[in-house]
Amino acid sequence: MENKFNKTQHQFISEEEKILNWEDVQKSLEKNFGSEIYKSWLKDITLIKEYNDFIILGVPTRFFRDWIVSRYLDKILEQVKSFKKTLNRIEFKITDDLKINQDSNQSEGSKYDDINKITEIKDSILNYNRLNPNLNFENFVQGTSNEVALSYSKKVCEQVSRYNPLYIYGSVGLGKTHLLNAIGLELQSNNNVMFISAERFMYHFIKSIKKNDMVNFKDFFRKSSVFIIDDIQFIRGKESLQEEFFHTFNSLMDKGSQIIISADRPPMKLDRVQERIKSRLSGGLIVDIDTPDLDLKNKIIRKRIEDIQSQFKETIEINNDVLNYLANECKTSIRELIGVLNRVIAFSRIHKRELNVSDCRNILKDVFNQTKVVTVDKIQSTVSNFFNIPLSEMLSQRRSRPLARPRQVAMYLAKKMTTRSLPEIGRRFANRDHTTVIHAVKTITKLSEKDEEMRKNINHIRSILLE
Ligand code: ADP
Ligand code: MG
(Lines give C-alpha, C1' and ligand atoms only; values in the text may rest on other atoms or scores of the structure.)
(Ligands and ions follow the chains in the order given, each with its own letter.)
Protein backbone atom coordinates (compact mmCIF):
# COMPACT_ATOMS: atom_id res chain seq x y z
CA MET A 1 0.00 0.00 0.00
CA GLU A 2 2.82 2.34 0.82
CA ASN A 3 4.29 1.97 -2.63
CA LYS A 4 1.10 2.84 -4.31
CA PHE A 5 0.87 6.00 -2.29
CA ASN A 6 4.40 6.99 -3.00
CA LYS A 7 3.89 6.78 -6.71
CA THR A 8 0.94 9.11 -6.67
CA GLN A 9 2.33 11.65 -4.26
CA HIS A 10 0.57 14.98 -4.13
CA GLN A 11 -2.25 13.89 -6.36
CA PHE A 12 -5.71 14.00 -5.03
CA ILE A 13 -6.64 10.41 -4.43
CA SER A 14 -9.77 8.59 -5.42
CA GLU A 15 -12.51 7.56 -3.03
CA GLU A 16 -11.27 3.98 -2.77
CA GLU A 17 -7.84 5.07 -1.79
CA LYS A 18 -8.94 7.16 1.10
CA ILE A 19 -8.07 5.23 4.15
CA LEU A 20 -8.59 7.66 6.98
CA ASN A 21 -11.71 7.19 8.99
CA TRP A 22 -12.02 10.55 10.72
CA GLU A 23 -14.28 9.20 13.43
CA ASP A 24 -11.64 6.70 14.41
CA VAL A 25 -9.01 9.40 14.43
CA GLN A 26 -11.15 11.55 16.66
CA LYS A 27 -11.68 8.71 19.07
CA SER A 28 -7.97 8.28 19.33
CA LEU A 29 -7.49 12.03 19.81
CA GLU A 30 -9.98 11.99 22.63
CA LYS A 31 -8.24 9.05 24.22
CA ASN A 32 -4.83 10.64 23.95
CA PHE A 33 -5.58 14.23 24.83
CA GLY A 34 -8.24 13.56 27.43
CA SER A 35 -11.81 14.64 27.08
CA GLU A 36 -11.36 18.18 28.34
CA ILE A 37 -8.89 19.28 25.69
CA TYR A 38 -10.69 17.18 23.13
CA LYS A 39 -14.05 18.82 23.78
CA SER A 40 -12.65 22.32 23.91
CA TRP A 41 -10.34 22.20 20.94
CA LEU A 42 -10.30 19.05 18.88
CA LYS A 43 -13.90 17.95 18.55
CA ASP A 44 -14.69 20.57 15.93
CA ILE A 45 -11.81 19.77 13.65
CA THR A 46 -13.06 18.32 10.38
CA LEU A 47 -11.29 16.43 7.65
CA ILE A 48 -11.57 18.46 4.47
CA LYS A 49 -9.28 16.64 2.07
CA GLU A 50 -7.06 13.67 2.18
CA TYR A 51 -3.96 13.35 0.06
CA ASN A 52 -1.29 10.70 0.09
CA ASP A 53 1.19 12.61 2.11
CA PHE A 54 -0.89 15.25 3.80
CA ILE A 55 -4.36 16.17 4.92
CA ILE A 56 -6.29 19.41 5.09
CA LEU A 57 -8.22 19.88 8.27
CA GLY A 58 -10.96 22.44 8.82
CA VAL A 59 -11.01 24.60 11.94
CA PRO A 60 -13.60 27.26 12.74
CA THR A 61 -11.40 30.30 13.30
CA ARG A 62 -7.90 31.64 13.00
CA PHE A 63 -7.68 31.71 16.76
CA PHE A 64 -8.56 28.03 16.91
CA ARG A 65 -5.97 27.22 14.30
CA ASP A 66 -3.19 29.11 16.06
CA TRP A 67 -4.07 27.58 19.36
CA ILE A 68 -4.11 24.07 17.98
CA VAL A 69 -0.97 24.55 15.93
CA SER A 70 1.04 25.94 18.79
CA ARG A 71 -0.08 23.42 21.36
CA TYR A 72 -1.31 20.18 19.94
CA LEU A 73 -0.09 19.80 16.41
CA ASP A 74 2.85 17.47 17.04
CA LYS A 75 0.67 15.05 18.85
CA ILE A 76 -2.18 15.27 16.36
CA LEU A 77 0.17 14.45 13.51
CA GLU A 78 1.54 11.55 15.48
CA GLN A 79 -1.97 10.21 16.01
CA VAL A 80 -3.05 10.62 12.43
CA LYS A 81 0.14 8.97 11.25
CA SER A 82 -0.71 5.93 13.29
CA PHE A 83 -3.69 5.52 10.97
CA LYS A 84 -1.86 6.36 7.77
CA LYS A 85 1.88 6.11 7.69
CA THR A 86 2.42 8.05 4.50
CA LEU A 87 1.21 11.31 6.02
CA ASN A 88 3.88 13.76 6.91
CA ARG A 89 2.12 17.03 7.36
CA ILE A 90 -1.15 18.74 8.15
CA GLU A 91 -2.61 21.85 6.61
CA PHE A 92 -5.41 23.88 8.06
CA LYS A 93 -8.25 25.70 6.44
CA ILE A 94 -10.38 28.16 8.28
CA THR A 95 -13.98 27.25 7.74
CA ASP A 96 -15.71 30.18 9.33
CA ASP A 97 -14.04 33.44 8.42
CA LEU A 98 -16.82 35.51 9.93
CA LYS A 99 -15.85 34.53 13.40
CA ILE A 100 -12.46 36.15 13.03
CA ASN A 101 -14.03 39.36 14.19
CA GLN A 102 -14.51 37.90 17.61
CA ASP A 103 -10.84 37.37 18.02
CA SER A 104 -9.40 39.88 20.43
CA ASN A 105 -6.47 40.61 18.20
CA GLN A 106 -8.68 41.22 15.25
CA SER A 107 -6.74 43.86 13.41
CA GLU A 108 -3.88 41.48 13.07
CA GLY A 109 -6.15 38.57 12.48
CA SER A 110 -7.96 39.24 9.30
CA LYS A 111 -4.95 40.32 7.33
CA TYR A 112 -3.12 37.24 8.40
CA ASP A 113 -5.92 35.14 7.14
CA ASP A 114 -6.15 36.68 3.74
CA ILE A 115 -2.66 35.66 2.83
CA ASN A 116 -2.63 32.58 4.90
CA LYS A 117 -5.90 30.78 4.61
CA ILE A 118 -4.00 27.57 4.57
CA THR A 119 -1.18 27.07 6.99
CA GLU A 120 1.36 24.54 6.01
CA ILE A 121 3.25 22.68 8.60
CA LYS A 122 6.00 20.44 7.41
CA ASP A 123 7.32 18.86 10.55
CA SER A 124 7.35 19.32 14.22
CA ILE A 125 10.25 21.72 14.69
CA LEU A 126 9.08 23.85 11.81
CA ASN A 127 5.84 24.45 13.63
CA TYR A 128 7.61 26.81 15.87
CA ASN A 129 9.60 28.39 13.14
CA ARG A 130 6.71 30.30 11.72
CA LEU A 131 7.10 33.96 11.05
CA ASN A 132 4.15 36.21 11.57
CA PRO A 133 3.54 38.16 8.34
CA ASN A 134 2.05 41.03 10.34
CA LEU A 135 5.18 41.83 12.26
CA ASN A 136 7.15 43.43 9.45
CA PHE A 137 9.25 46.55 8.86
CA GLU A 138 6.44 48.43 7.15
CA ASN A 139 4.28 48.50 10.23
CA PHE A 140 7.04 49.04 12.74
CA VAL A 141 6.74 52.68 13.74
CA GLN A 142 10.01 54.51 14.17
CA GLY A 143 10.74 56.73 17.16
CA THR A 144 13.70 58.02 19.11
CA SER A 145 13.65 55.05 21.43
CA ASN A 146 13.92 52.41 18.72
CA GLU A 147 15.53 54.08 15.70
CA VAL A 148 18.99 52.62 16.25
CA ALA A 149 17.66 49.12 16.73
CA LEU A 150 15.44 49.52 13.69
CA SER A 151 18.17 50.87 11.51
CA TYR A 152 20.60 48.05 12.33
CA SER A 153 17.88 45.46 11.92
CA LYS A 154 17.47 46.74 8.39
CA LYS A 155 21.21 46.88 7.80
CA VAL A 156 21.55 43.25 8.79
CA CYS A 157 19.13 42.42 6.01
CA GLU A 158 21.17 44.34 3.45
CA GLN A 159 24.55 43.09 4.56
CA VAL A 160 24.12 39.66 6.04
CA SER A 161 26.90 38.65 8.47
CA ARG A 162 28.42 42.12 8.68
CA TYR A 163 27.12 42.72 12.20
CA ASN A 164 27.40 39.35 13.82
CA PRO A 165 25.79 38.60 16.15
CA LEU A 166 23.28 41.41 16.28
CA TYR A 167 22.02 41.65 19.83
CA ILE A 168 18.87 43.64 20.57
CA TYR A 169 17.79 44.23 24.12
CA GLY A 170 15.05 46.10 25.95
CA SER A 171 12.35 45.41 28.49
CA VAL A 172 9.05 43.70 27.71
CA GLY A 173 6.58 44.94 25.15
CA LEU A 174 8.90 47.32 23.33
CA GLY A 175 9.09 45.59 19.97
CA LYS A 176 11.99 43.15 20.12
CA THR A 177 10.04 40.18 18.82
CA HIS A 178 8.49 42.42 16.19
CA LEU A 179 11.93 43.44 14.90
CA LEU A 180 13.31 39.91 14.96
CA ASN A 181 10.30 38.69 13.08
CA ALA A 182 10.65 41.49 10.52
CA ILE A 183 14.27 40.53 9.91
CA GLY A 184 13.21 36.92 9.40
CA LEU A 185 10.53 37.89 6.90
CA GLU A 186 12.93 40.06 4.97
CA LEU A 187 15.61 37.40 4.74
CA GLN A 188 13.58 34.27 4.33
CA SER A 189 13.37 34.27 0.55
CA ASN A 190 17.12 34.02 0.06
CA ASN A 191 18.22 32.31 3.23
CA ASN A 192 17.47 29.37 5.41
CA VAL A 193 15.98 31.32 8.29
CA MET A 194 15.46 29.78 11.70
CA PHE A 195 13.39 31.82 14.12
CA ILE A 196 12.79 30.43 17.57
CA SER A 197 12.41 31.60 21.14
CA ALA A 198 14.97 30.37 23.63
CA GLU A 199 12.14 28.70 25.45
CA ARG A 200 11.13 26.71 22.38
CA PHE A 201 14.74 25.93 21.72
CA MET A 202 14.86 24.32 25.13
CA TYR A 203 11.64 22.45 24.55
CA HIS A 204 13.05 20.83 21.43
CA PHE A 205 16.37 20.24 23.11
CA ILE A 206 14.73 18.27 25.92
CA LYS A 207 12.44 16.45 23.56
CA SER A 208 15.40 15.37 21.46
CA ILE A 209 17.26 14.12 24.50
CA LYS A 210 14.24 12.12 25.57
CA LYS A 211 13.81 10.67 22.10
CA ASN A 212 17.50 10.05 21.79
CA ASP A 213 17.51 12.17 18.68
CA MET A 214 20.22 14.75 19.33
CA VAL A 215 21.79 14.23 15.93
CA ASN A 216 18.70 15.54 14.22
CA PHE A 217 18.38 18.41 16.64
CA LYS A 218 21.94 19.55 16.02
CA ASP A 219 21.62 19.20 12.27
CA PHE A 220 18.38 21.04 12.23
CA PHE A 221 19.60 24.14 14.00
CA ARG A 222 23.07 24.19 12.57
CA LYS A 223 22.00 24.14 8.97
CA SER A 224 20.35 27.56 9.12
CA SER A 225 22.09 30.48 7.47
CA VAL A 226 20.17 33.00 9.55
CA PHE A 227 19.55 32.00 13.13
CA ILE A 228 17.22 34.24 15.11
CA ILE A 229 16.70 33.49 18.77
CA ASP A 230 14.26 35.44 20.90
CA ASP A 231 14.47 36.07 24.66
CA ILE A 232 17.85 34.50 25.27
CA GLN A 233 17.67 35.44 28.97
CA PHE A 234 15.56 32.34 29.31
CA ILE A 235 18.65 30.11 29.29
CA ARG A 236 19.71 31.40 32.70
CA GLY A 237 20.61 28.65 35.11
CA LYS A 238 20.12 25.88 32.57
CA GLU A 239 23.59 24.45 32.22
CA SER A 240 23.07 21.73 29.65
CA LEU A 241 20.99 24.03 27.49
CA GLN A 242 23.74 26.64 27.63
CA GLU A 243 26.27 24.03 26.63
CA GLU A 244 24.21 23.13 23.59
CA PHE A 245 23.52 26.74 22.72
CA PHE A 246 27.22 27.56 22.93
CA HIS A 247 28.08 24.85 20.44
CA THR A 248 25.24 25.76 18.13
CA PHE A 249 26.35 29.37 18.26
CA ASN A 250 29.97 28.54 17.47
CA SER A 251 29.17 26.21 14.68
CA LEU A 252 26.86 28.77 13.06
CA MET A 253 29.44 31.53 13.41
CA ASP A 254 32.10 29.27 11.93
CA LYS A 255 30.14 28.77 8.80
CA GLY A 256 29.32 32.43 8.52
CA SER A 257 25.64 32.31 9.41
CA GLN A 258 24.03 35.50 10.62
CA ILE A 259 22.86 35.32 14.23
CA ILE A 260 20.32 37.70 15.73
CA ILE A 261 19.47 37.61 19.40
CA SER A 262 17.06 39.42 21.65
CA ALA A 263 17.06 39.71 25.42
CA ASP A 264 15.64 41.79 28.20
CA ARG A 265 19.09 43.10 29.21
CA PRO A 266 22.60 43.57 27.82
CA PRO A 267 24.75 40.44 27.46
CA MET A 268 27.06 41.18 30.37
CA LYS A 269 24.10 41.63 32.69
CA LEU A 270 22.64 38.21 31.98
CA ASP A 271 22.82 36.41 35.28
CA ARG A 272 23.52 32.71 35.68
CA VAL A 273 24.75 32.53 32.13
CA GLN A 274 28.23 31.20 31.40
CA GLU A 275 30.91 33.86 30.93
CA ARG A 276 31.99 32.42 27.60
CA ILE A 277 28.44 32.78 26.27
CA LYS A 278 28.16 36.34 27.47
CA SER A 279 31.39 37.22 25.82
CA ARG A 280 30.29 35.54 22.58
CA LEU A 281 27.03 37.44 22.65
CA SER A 282 28.90 40.69 23.10
CA GLY A 283 31.18 40.03 20.17
CA GLY A 284 29.10 41.71 17.50
CA LEU A 285 26.82 44.71 17.63
CA ILE A 286 24.64 45.50 20.63
CA VAL A 287 21.67 47.82 20.29
CA ASP A 288 18.88 48.63 22.71
CA ILE A 289 15.26 49.68 22.56
CA ASP A 290 14.22 52.21 25.15
CA THR A 291 10.81 53.03 26.57
CA PRO A 292 8.73 54.98 24.04
CA ASP A 293 8.30 58.74 24.32
CA LEU A 294 4.97 60.50 23.85
CA ASP A 295 5.60 61.19 20.22
CA LEU A 296 6.14 57.50 19.38
CA LYS A 297 3.17 56.43 21.44
CA ASN A 298 0.95 58.88 19.59
CA LYS A 299 2.23 57.71 16.24
CA ILE A 300 1.59 54.10 17.13
CA ILE A 301 -1.95 54.85 18.25
CA ARG A 302 -2.69 56.75 15.04
CA LYS A 303 -1.25 53.99 12.91
CA ARG A 304 -3.27 51.33 14.70
CA ILE A 305 -6.46 53.28 14.21
CA GLU A 306 -5.73 53.83 10.54
CA ASP A 307 -5.01 50.15 10.04
CA ILE A 308 -8.19 49.07 11.73
CA GLN A 309 -10.21 51.59 9.77
CA SER A 310 -8.89 50.51 6.45
CA GLN A 311 -9.22 46.83 7.25
CA PHE A 312 -12.69 46.89 8.67
CA LYS A 313 -13.94 49.78 6.59
CA GLU A 314 -15.35 51.56 9.58
CA THR A 315 -14.67 54.93 11.07
CA ILE A 316 -13.33 55.04 14.55
CA GLU A 317 -14.11 58.21 16.41
CA ILE A 318 -11.63 58.76 19.16
CA ASN A 319 -10.90 62.31 20.15
CA ASN A 320 -7.50 63.80 20.85
CA ASP A 321 -8.02 64.08 24.58
CA VAL A 322 -8.57 60.37 24.77
CA LEU A 323 -5.53 59.62 22.62
CA ASN A 324 -3.36 61.83 24.79
CA TYR A 325 -4.75 60.25 27.90
CA LEU A 326 -3.84 56.76 26.67
CA ALA A 327 -0.38 57.81 25.53
CA ASN A 328 0.26 59.50 28.86
CA GLU A 329 -0.99 56.71 31.06
CA CYS A 330 0.82 53.88 29.29
CA LYS A 331 4.28 54.56 30.53
CA THR A 332 6.40 51.61 29.70
CA SER A 333 5.09 49.13 27.21
CA ILE A 334 3.86 49.37 23.64
CA ARG A 335 2.10 46.08 24.10
CA GLU A 336 0.10 47.60 26.92
CA LEU A 337 -0.62 50.68 24.84
CA ILE A 338 -2.04 48.59 22.02
CA GLY A 339 -4.00 46.52 24.52
CA VAL A 340 -5.73 49.52 26.09
CA LEU A 341 -6.39 51.05 22.70
CA ASN A 342 -8.11 47.84 21.57
CA ARG A 343 -10.19 47.92 24.68
CA VAL A 344 -11.27 51.51 24.16
CA ILE A 345 -12.15 50.82 20.54
CA ALA A 346 -14.15 47.75 21.51
CA PHE A 347 -16.03 49.81 24.05
CA SER A 348 -16.90 52.60 21.71
CA ARG A 349 -18.12 50.00 19.21
CA ILE A 350 -20.39 48.40 21.76
CA HIS A 351 -21.78 51.70 22.98
CA LYS A 352 -21.87 53.20 19.52
CA ARG A 353 -20.64 56.56 20.70
CA GLU A 354 -17.48 58.55 21.05
CA LEU A 355 -15.85 58.12 24.43
CA ASN A 356 -14.45 60.83 26.65
CA VAL A 357 -11.54 60.69 29.04
CA SER A 358 -13.63 59.89 32.04
CA ASP A 359 -15.20 56.91 30.24
CA CYS A 360 -11.71 55.70 29.53
CA ARG A 361 -10.65 56.15 33.10
CA ASN A 362 -13.49 53.87 34.05
CA ILE A 363 -12.90 51.30 31.37
CA LEU A 364 -9.22 51.12 32.11
CA LYS A 365 -9.39 51.49 35.87
CA ASP A 366 -8.14 48.01 36.54
CA VAL A 367 -5.38 48.16 33.92
CA PHE A 368 -3.81 51.36 35.11
CA ASN A 369 -4.29 50.81 38.81
CA GLN A 370 -3.16 47.30 39.03
CA THR A 371 0.01 47.07 37.01
CA LYS A 372 1.73 49.11 39.67
CA VAL A 373 0.66 47.17 42.72
CA VAL A 374 -0.51 43.67 42.02
CA THR A 375 2.19 41.03 41.92
CA VAL A 376 2.00 37.29 41.40
CA ASP A 377 3.13 36.80 45.01
CA LYS A 378 0.37 38.98 46.30
CA ILE A 379 -2.21 37.19 44.20
CA GLN A 380 -1.04 33.82 45.45
CA SER A 381 -1.18 34.78 49.11
CA THR A 382 -4.54 36.55 48.76
CA VAL A 383 -6.10 33.61 46.95
CA SER A 384 -4.80 31.05 49.44
CA ASN A 385 -6.13 33.18 52.31
CA PHE A 386 -9.44 33.63 50.64
CA PHE A 387 -9.95 29.91 50.12
CA ASN A 388 -8.36 29.12 53.42
CA ILE A 389 -5.72 26.71 52.18
CA PRO A 390 -2.00 26.82 52.93
CA LEU A 391 0.01 28.55 50.24
CA SER A 392 2.43 25.63 50.01
CA GLU A 393 -0.47 23.29 49.29
CA MET A 394 -1.88 25.60 46.66
CA LEU A 395 1.47 25.63 44.88
CA SER A 396 2.12 21.92 45.31
CA GLN A 397 1.76 19.30 42.58
CA ARG A 398 -1.35 17.79 44.17
CA ARG A 399 -4.35 17.79 41.90
CA SER A 400 -7.32 17.39 44.20
CA ARG A 401 -10.11 19.78 43.35
CA PRO A 402 -10.05 21.77 46.64
CA LEU A 403 -6.49 22.74 45.72
CA ALA A 404 -6.72 22.77 41.96
CA ARG A 405 -9.54 25.31 41.71
CA PRO A 406 -7.93 27.98 43.89
CA ARG A 407 -4.68 27.36 42.05
CA GLN A 408 -6.46 27.96 38.76
CA VAL A 409 -8.10 31.08 40.12
CA ALA A 410 -4.70 32.40 41.15
CA MET A 411 -3.24 31.67 37.72
CA TYR A 412 -6.22 33.30 36.07
CA LEU A 413 -5.81 36.45 38.14
CA ALA A 414 -2.06 36.49 37.56
CA LYS A 415 -2.75 36.53 33.85
CA LYS A 416 -5.49 39.14 34.07
CA MET A 417 -3.97 41.45 36.63
CA THR A 418 -0.25 41.45 35.98
CA THR A 419 1.80 41.90 32.85
CA ARG A 420 3.60 38.61 33.38
CA SER A 421 3.73 36.25 30.41
CA LEU A 422 2.17 32.81 30.52
CA PRO A 423 5.50 31.00 30.87
CA GLU A 424 6.56 33.36 33.64
CA ILE A 425 3.34 32.72 35.51
CA GLY A 426 3.77 28.99 35.05
CA ARG A 427 7.22 29.16 36.56
CA ARG A 428 5.91 31.00 39.59
CA PHE A 429 3.48 28.17 40.19
CA ALA A 430 6.06 25.53 41.03
CA ASN A 431 7.46 25.49 37.53
CA ARG A 432 4.33 24.53 35.70
CA ASP A 433 4.11 24.65 31.94
CA HIS A 434 2.49 27.65 30.27
CA THR A 435 -0.16 25.36 28.79
CA THR A 436 -1.32 24.64 32.32
CA VAL A 437 -1.78 28.37 32.82
CA ILE A 438 -3.71 28.68 29.56
CA HIS A 439 -5.92 25.85 30.66
CA ALA A 440 -6.53 27.51 34.02
CA VAL A 441 -7.43 30.83 32.40
CA LYS A 442 -9.85 29.11 30.09
CA THR A 443 -11.45 27.03 32.80
CA ILE A 444 -11.99 29.96 35.14
CA THR A 445 -13.24 32.21 32.36
CA LYS A 446 -15.83 29.60 31.47
CA LEU A 447 -16.77 28.90 35.06
CA SER A 448 -17.20 32.51 35.95
CA GLU A 449 -19.57 32.90 33.03
CA LYS A 450 -21.96 30.26 34.24
CA ASP A 451 -21.27 29.98 37.94
CA GLU A 452 -22.54 32.87 40.02
CA GLU A 453 -20.48 31.95 43.04
CA MET A 454 -17.27 31.75 41.09
CA ARG A 455 -17.91 35.17 39.60
CA LYS A 456 -18.53 36.67 43.02
CA ASN A 457 -15.42 35.06 44.46
CA ILE A 458 -13.28 36.38 41.65
CA ASN A 459 -14.65 39.88 42.01
CA HIS A 460 -14.14 39.75 45.72
CA ILE A 461 -10.51 38.68 45.42
CA ARG A 462 -9.96 41.32 42.76
CA SER A 463 -11.23 44.04 45.02
CA ILE A 464 -9.05 42.85 47.91
CA LEU A 465 -6.09 42.99 45.58
CA LEU A 466 -6.94 46.47 44.32
CA GLU A 467 -7.63 47.91 47.72
P1 ADP B 1 8.89 42.48 23.05
O2 ADP B 1 9.28 41.29 22.23
O3 ADP B 1 9.95 43.50 23.15
O4 ADP B 1 8.32 42.11 24.39
P5 ADP B 1 6.90 42.80 20.98
O6 ADP B 1 7.77 42.82 19.79
O7 ADP B 1 6.14 41.56 21.24
O8 ADP B 1 7.71 43.22 22.29
O9 ADP B 1 5.92 44.06 20.88
C10 ADP B 1 4.71 44.14 21.62
C11 ADP B 1 3.61 44.66 20.74
O12 ADP B 1 3.87 46.01 20.40
C13 ADP B 1 3.50 43.92 19.43
O14 ADP B 1 2.13 43.86 19.07
C15 ADP B 1 4.26 44.79 18.44
O16 ADP B 1 3.78 44.63 17.14
C17 ADP B 1 3.96 46.18 18.99
N18 ADP B 1 5.03 47.12 18.73
C19 ADP B 1 6.15 47.29 19.45
N20 ADP B 1 6.90 48.28 18.95
C21 ADP B 1 6.25 48.74 17.88
C22 ADP B 1 6.51 49.76 16.91
N23 ADP B 1 7.60 50.53 16.98
N24 ADP B 1 5.60 49.97 15.94
C25 ADP B 1 4.48 49.22 15.88
N26 ADP B 1 4.17 48.26 16.75
C27 ADP B 1 5.04 48.01 17.73
MG1 MG C 1 9.15 39.29 22.77
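As the structure lists them, so they are numbered: ligands from 1, and atoms in each ligand from 1.
With a 6.0 Å cutoff to the six-membered ring centre and a 45° limit on the axis angle, Arg89 counts as a cation-pi contact of Phe54.
The part of Asn139 lying near ligand 1 is the backbone, judged by heavy-atom distances below 4.0 Å.
Between the side chain of Thr445 and the backbone N or O of Val441, at least one donor-acceptor pair lies under 3.5 Å.
If you number the atoms of ligand 1 from 1 as listed, the ones under 4.0 Å from a heavy atom of Val172 come out as 4 (O). Listed by number with element, the atoms of ligand 1 under 4.0 Å from a non-hydrogen atom of Asn146 are 23 (N). Using a 4.0 Å cut-off to heavy atoms of Leu135, the atoms of ligand 1 that qualify are 16 (O).
Checked against a 3.5 angstrom limit, the closest N/O atoms of Leu296 and ligand 1 fall outside it. Remark: ligand 1 and Leu174 share an N or O pair separated by less than 3.5 Å (distance only, no angle test).
Taking the six-membered ring for Trp and the full ring otherwise, Phe217 and Phe201 have centroids separated by under 6.0 Å.
One option in Asn181, Val141, Asn134 has a heavy atom closer to atom 24 (N) of ligand 1 than any other, and that option is Val141. When the heavy-atom distances from atom 11 (C) of ligand 1 to Lys176, Glu138, Arg335 are ranked, the shortest goes to Arg335.
Salt bridge absent: Lys446 and Glu449 never bring a charged side-chain N and a carboxylate O closer than 4.0 Å.
Annotation: the span from Asn459 atom CG to Ser448 atom OG amounts to 8.5 Å, rounded to 0.5 Å.
Ring geometry for His204 versus Phe221: interplanar angle of 30 to 60°, hence tilted. Using the six-membered ring where Trp is involved, Tyr72 and Phe33 have ring planes that are perpendicular, over 60° apart on the 30 and 60° scheme.
Between Gly170 and ligand 1 there is no heavy-atom distance shorter than 4.0 Å.
The distance from the Mg ion (ligand 2) to the nearest N/O/S atom of Ser262 is not under 2.8 Å.
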